[in-house]
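Letters A, B, ... are given to chains in the order of the sequence lines, protein chains preceding strands, and every chain is numbered from 1.
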There are 2 protein chains.
Amino acid sequence: MATIRDVAKLSGVSVATISRVINKNGYVTPETEIKVINAINQLNYSPNAVARGLARKKTNTIALVLPDITNPFFSELARAVEDAAKHYGYTLNLCNSDNEESKEKAYFDILKDRYVDGIIIASDTSAYRRHYLKNSKIPLVTIDQTPRNESSVIVTSKNIKGAKLAVRHLFEIGCKKIAHIYGPLEYKPSLDRLRGYEQAVKSQEWYSSSLTVQGNFKIESGIEAVKTLLERHPDIDGIFAGNDLMAIGALKGLLKMGKKVPEDVAICGFDNINLTEIMEPEITTVAQSIYGMGTLAVELLMKKIGESPVEADDNIHLHELDVTLIQRGSTQRGVKK
Amino acid sequence: MATIRDVAKLSGVSVATISRVINKNGYVTPETEIKVINAINQLNYSPNAVARGLARKKTNTIALVLPDITNPFFSELARAVEDAAKHYGYTLNLCNSDNEESKEKAYFDILKDRYVDGIIIASDTSAYRRHYLKNSKIPLVTIDQTPRNESSVIVTSKNIKGAKLAVRHLFEIGCKKIAHIYGPLEYKPSLDRLRGYEQAVKSQEWYSSSLTVQGNFKIESGIEAVKTLLERHPDIDGIFAGNDLMAIGALKGLLKMGKKVPEDVAICGFDNINLTEIMEPEITTVAQSIYGMGTLAVELLMKKIGESPVEADDNIHLHELDVTLIQRGSTQRGVKK
DNA sequence: ATGAAAGCGCTAACAT
DNA sequence: ATGTTAGCGCTTTCAT
């Protein structure tokens, strides 16, 4: 591989001049620029990114830390982050944490030594992160996290609003008793969706906390949850699940129990991952823009890194994207009950 | 951040000695080693990976180039690759190519400048890749590709065998006319699965090439394909789809057309992605070990990089993993027709 | 067993 | 407008 020195020699100028033309900064006469460019092409030169990283203390790499890329929510997010990163000339380091603090910590240490320019975190082990935040100056953007005192930038969706949309829709199609399956409460969106649900149903005379049951955001837990719920309240006719995977589980569980969806029980999920459309019936859900969250996270990170001009909304630290209800078969009733 | 020089100063030895203890090579007296370790701890020193990369021309980073992380097959593969890479002390660069040669090429150039130590490719634009292979010395492992003359290492599954397993199973449950939906033929596994299908059915008097139709490995194309097939041959009672996503599409399409699965038409897919289990009925499929392929790819790459001892099977360049039939509801018939 | 010093390839003062 | 040179932080010969 040709180095900057080879180019300098061939074009008869100094390395500084080469550096100037490849970085388009400083003054260079058009003539020498042409000479340099010719030499570059002739040698098929392209600057060594590692050397550049060492000199600049900047690698044009960002990292995405998430629990598990295998989860469709996160793979969609990762895709968005990669696309946006590429657009800014950055490369993406993928880090699966399984939500384990030890793995997250190990990654932080490695990433720091590698001069990654920024980190986007969509994983949730907060204890170490807080410590890390104080001891590191790596720009950070966080997805779906609980706001803390530190100046962290957070991207999330309007979860409370979304939950209310879901419940209201279930009411509208005639549901008389609506249950909720919520996700892990350490995870902020779970809590918000639960709150939204509670606010929407608490005035009903039938409301009881036994209408809510916890899942873990996976399909299997939706199956379990629905079993528990129907044992407690056989007359449930609407279920709002805290995410789509649990909604899918709920659907499977109900079908297995011989219930008809949506005739006996209607279901609404949250997220709008692609899977909702492959189920039979297709699942009504509260759509959040996963891709949009990823894109926004990168944009905000780029501002922190200094790639992108900071604007008036500079000091907004909580970015809540809007959500919308997507009506599909799992709540499509011909006749109201 | 403390540097190696700070550690040298504090412990009263030279940087060379520090380097020796952190890399555990060369001679160091136990006493000085202790002094050094103390200094390291005291300063909370950890070596700068970028500087090290420059000096060693090695970054402990590998890249995974795939079409789209959003596809469940590839997200599972990515998870396996990351886990294995981490195990060897490597970090993972994720590159979505959308199977576009231009994107793949752009990534190759970037990766080369970044001193990535190796690349795993599960994306399929072969023209540039061939050129690249000749001009670069970056170790490469390829997933599901057509073997070429170059000394490329390839990880794939026994696709022909898998296709035969699928078709044979459909025969066994009583299918009398079996169609096949195949994927893009530039993609080696598609071709092999098509061949396997042909070999398994060509002796049947009903066989005709109009029983095969092309899809693009996505759900939608499965829906389309099944429509075409049933127009041509309304008496089809078994479908072998070239991958699970198209099998899902086929299932959706059939249900939409009022067909019963598996009673009227049985379906078998290929891959065994998780989605096969969330469908109703669950989809019978030929399982390939996606995770295993990812793991193996990394292991082979590590041999090329020199992290791992090369053994007798050193010069095997085609690694075909075994496949197995997973029977599920989409081929579970109570009574044979 | 330890140290000195020359790189690795680039950037960015500073000088001219 | 261009060149000189001192880093960036580490590895690795070569001495001692």
Pick the nucleotide of DNA chain C nearest each of B:A51 and B:A16; which residue has the one closer to the 5' end? B:A16

To the nearest angstrom, the CZ-P distance between A:R56 and C:dA12 comes to 6 Å

Over all atoms of both residues, closest heavy-atom pair of B:Y45 and B:I4: CE1-N, 3.5 Å

Roughly how many Å is it from NZ in B:K9 to P in C:dG3, rounded to a whole number? 14 Å

Nearest whole angstrom, please: distance from the P of D:dG9 to the CZ of B:R20. 21 Å

Counting only heavy atoms not in A:K9, do more than 12 fall under 6.0 Å of its NZ? no

Which part of the nucleic acid, if any, lies within reach of B:S19 when heavy atoms closer than 4.0 Å are counted: base, sugar-phosphate only, or nothing? base

Rounded to the nearest 0.5 Å, what separates atom CG in A:D83 from atom CG in A:L92? 9.5 Å

Distance check needed: C:dC10 P versus A:I4 CD1, whole Å only. 5 Å

Is there a side-chain contact between B:Y107 and A:K86 (heavy atoms, below 4.5 Å)? yes

Which residue lies toward the 5' end of DNA chain C, B:T29 or B:R5, if each is placed at its nearest nucleotide? B:T29

When all nucleic acid strands are considered with a 4.0 Å heavy-atom cut-off, which category describes A:V15: base, sugar-phosphate, or nothing? base

